[in-house]
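Below is one structure, written out as structure tokens; comments come after it.
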Protein chains: 2
Amino acid sequence: MVAQVRRFNRIVTQRVGALNDRYLSRDRPLGEARLLWEIGAEGRDLRSLRARLGLDSGYLSRLLRSLEEAGMVTIGPNQSDRRIRTARLTATGVAERAVLDRRSDDLAASLLAPLSPSQRTRLVGAMADVERLMTAAMVEVAAVDPADPRAQSCWHAYFSDLNRRFGTGFDPARSASVPEEEVRAPAGGSLRFRGAGRAEIKRMWVAESARGLGVGRRLLGELEAHAAGHGARSVRLDTNSALTEAISLYRSAGYSEVPPFNDEAYAQHWFEKPLSAPPGSRTARS
Amino acid sequence: MVAQVRRFNRIVTQRVGALNDRYLSRDRPLGEARLLWEIGAEGRDLRSLRARLGLDSGYLSRLLRSLEEAGMVTIGPNQSDRRIRTARLTATGVAERAVLDRRSDDLAASLLAPLSPSQRTRLVGAMADVERLMTAAMVEVAAVDPADPRAQSCWHAYFSDLNRRFGTGFDPARSASVPEEEVRAPAGGSLRFRGAGRAEIKRMWVAESARGLGVGRRLLGELEAHAAGHGARSVRLDTNSALTEAISLYRSAGYSEVPPFNDEAYAQHWFEKPLSAPPGSRTARS
DNA sequence: TCCATTCTCTGACCTTAGTCAGAGAATCGG
DNA sequence: CCGATTCTCTGACTAAGGTCAGAGAATGGA
């Protein structure tokens with residue numbers, strides 16, 4: 001298995017990856033091309049560009065200067081906070097971005113072109129599998145401040161998800177609020193300590209694109225381990241009967257249904273699971 | 001479909017590719033690491049290194065100098081042609097290469113580690129599919145000199161393949177020899193003109209690793225188009241009855257069995273296919 | 001034997017992609 | 001209003017990766 005993964009890494013990432021980069025950076029350096037892409041039609045604040053592309057602020061500044069000189073972007077202050085500056089594409093920039101877009105399409109199409117229709121279907125399906133499974137494999141569980149933009153986007157996705165699935169809709173204001181959180185890009189959950197060796201899990205959620213890959217189970221396990229590490233001897237949680245996958249996840253993870261322990265407006269099921277003491281205090285393996 | 005391919009290109013090649021590179025180039029620049037890898041345990045001529053890695057000769061020279069100073073390689077003249085120099089790994093170099101090897105394994109293993117056994121199986125299967133289909137899609141059909149190393153390696157693989165499959169073994173000397181060739185890495189075939197609007201295909205072969213992907217059909221089509229472009233109005237070929245896939249390929253490509261037209265020692269079947277005139281003379285689309 | 005070619009190396013350059021330490025403007029919290 | 005913090009920019013620097021034009025040694029072909 002490892003040999004197959006290595007072969008894949010070598011062939012696909014090196015060959016196709018290099019092809020990809022060279023395609024994109026025909027006229028301009030790759031860094032600039034990526035930046036042009038990331039600014040998008042709407043424009044974007046520099047800080048968000050830095051976060052997305054992982055660039056040094058000095059470096060970003062220089063890259064933008066060079067795009068500005070080429071007449072591709074303009075940079076102006078943000079109205080609400082004038083320390084922040086916003087980059088916007090000019091008409092030339094938009095056109096250039098469209099060229100990059102078309103090149104990406106062309107490259108993708110040229111990969112498919114030599115194949116028969118059934119091979120194309122197989123390739124695209126296999127690509128989707130690889131992408132999903134790799135994404136799942138690369139998920140790291142980490143605690144994040146609820147004010148973090150990643151956490152924020154989780155909240156939004158989570159609430160709109162609930163709103164869609166609950167027969168009655170979902171209004172965050174009617175639900176119990178949550179003080180401490182643990183969230184990351186495609187999934188999140190929060191843990192709340194309630195004294196007397198009891199912890200409560202709230203707001204656990206996995207993005208639609210990452211479902212069916214065991215991410216929920218991993219997240220649940222991490223939250224339990226975290227709770228156990230802080231002395232909790234049991235975890236409780238409540239959920240809505242519309243969330244059937246969640247309910248079966250809880251059951252299969254060793255939770256058993258208990259009588260209501262709170263008055264959460266949207267809950268129809270309450271679960272509890274005893275925790276075994278953590279092995280030592282901080283010997284969990286990565 | 002194109003959208004899925006683009007997403008794959010972006011996410012998988014960029015993310016995993018970058019991870020891969022960073023893993024490999026922990027202590028030394030990526031270029032040196034790749035070079036160390038490519039020299040291999042046996043040593044290798046500089047010209048072949050340049051060809052493999054696509055490096056400028058000056059650049060390669062400098063990279064090697066740096067590895068030489070680090071005590072990883074020695075460079076000496078080739079015995080048969082003293083203009084050519086051969087790079088060889090020292091004991092230190094071999095050890096370093098083993099470290100790189102282990103890192104590659106570790107990276108691959110770490111991608112699999114977070115997944116459940118069934119997910120691993122699915123991921124590895126999907127990777128194999130992507131790899132094979134992409135390889136097939138990137139095959140270019142091109143004429144190559146038979147002295148070219150790629151062609152040479154095809155000959156060897158081809159002959160040992162036949163030797164394995166023919167009940168009687170295969171001795172190239174007993175088979176008709178071939179003067180003009182058209183071959184490339186995972187597949188090859190040669191075309192021979194016999195006057196009177198007739199062409200003959202010999203030595204058509206597809207590497208085992210590329211079979212089942214339509215490469216043979218594409219190659220056959222290209223050879224026919226080439227023949228038609230040179231005025232041939234039919235193509236003939238002979239084959240051995242052990243090569244069942246080849247025979248069914250020929251049949252499905254419109255060849256019909258004809259009486260023996262030569263005395264090839266290893267042939268039991270002879271085929272012919274009429275060609276339609278090429279559309280214009282050189283308007284074939286790429 | 002001699003001339004053209006092949007192969008490697010050296011020196012002089014260049015771009016890309018970064019990093020780091022401030023400086024200066026704007027904002028926030030009290 | 002003041003001091004701390006946040007955000008961007010500038011200048012100074014670095015490493016990696018690469019290109020180009022010869023020079024010099026070895027070889028091949030006439």
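Every chain is numbered from 1, with letters handed out A, B, ... down the list of sequences.
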Between dC9(D), dT10(C), dT8(C), which one does the side chain of Arg65(B) approach most closely? dT10(C)

Examine the base of dT6(C) for any acceptor or donor lying under 3.5 Å from a partner atom in the side chain of Arg83(B), and report the outcome as yes or no. yes

Determine: side-chain N/O of Arg47(B) to OP1/OP2 of dT6(C), distance under 4.0 Å, yes or no. no

Would you classify Gly58(A) as touching base, sugar-phosphate or nothing, given that sugar-phosphate means primed atoms plus P, OP1 and OP2, and contacts are heavy atoms under 4.0 Å? base

Residue Ile75(A), side-chain atoms from C-beta onward, closest of dC9(D), dA25(C), dA25(D): dC9(D)

Using heavy-atom distances to pick each residue's nearest nucleotide on DNA chain C, tell me which of Leu63(A) and Ser57(B) is more 5'. Ser57(B)

With heavy atoms under 4.0 Å as the rule, sort Asp81(B) into base, sugar-phosphate or nothing. sugar-phosphate

Just to confirm, is there a sub-4.0 Å distance from OP1 or OP2 of dC7(C) to any side-chain nitrogen or oxygen of Arg50(B)? no

Identify whether any heavy atom of Leu60(B) sits under 4.0 Å from a base atom; if not, whether one sits that close to sugar-phosphate; answer base, sugar-phosphate or nothing. nothing

Charged N to carboxylate O under 4.0 angstrom, Asp56(A) versus Arg62(A)? no

If you assign Arg82(A) and Gly54(A) each to the DNA chain C nucleotide with the nearest heavy atom, which residue ends up on the more 5' nucleotide? Gly54(A)

Among dC9(C), dT19(C), dT10(D), the one nearest Ser61(A) by side-chain distance: dT10(D)

CA sep, side-chain torsions, deciding dist, call: Asp101(A), Arg6(B), side-chain contact (heavy atoms from CB on, under 4.5 Å): CA-CA 10 Å; Asp101(A) 200 20; Arg6(B) 280 186 62 168; 2.6 Å; yes

Would you say Arg85(B) reaches dT8(C)'s phosphate, i.e. side-chain N/O to OP1/OP2 under 4.0 Å? no

Between Arg88(B) and Glu42(B), is the closest basic N to carboxylate O distance under 4.0 Å? no

Using a strict 4.0 Å threshold on nitrogen-to-oxygen distance, state whether Arg47(B) and Asp45(B) make a salt bridge. no

Separation of dA17(C) atom C1' from Gln14(B) atom CD, nearest Å, is 15 Å

Which whole-number value in Å describes the distance from Tyr59(B) OH to dA15(D) C1'? 10 Å

Which whole-number value in Å describes the distance from Asp56(B) CG to dC14(C) C1'? 13 Å

With sugar-phosphate meaning primed atoms plus P, OP1 and OP2, does Arg62(A) contact a base, only sugar-phosphate, or nothing at under 4.0 Å between heavy atoms? base

Figure out the CG/P separation between Leu46(B) and dA25(D), and round it to whole Å. 18 Å

Could you tell me whether Arg28(A) contacts a base, only the sugar-phosphate backbone, or nothing, with contacts defined as non-hydrogen atoms closer than 4.0 Å? nothing

Do Arg7(A) and Met127(B) have side chains that get closer than 4.5 Å, going by heavy atoms? no

Between P on dC9(C) and CG on Leu49(B), what's the gap in Å once rounded to a whole number? 11 Å

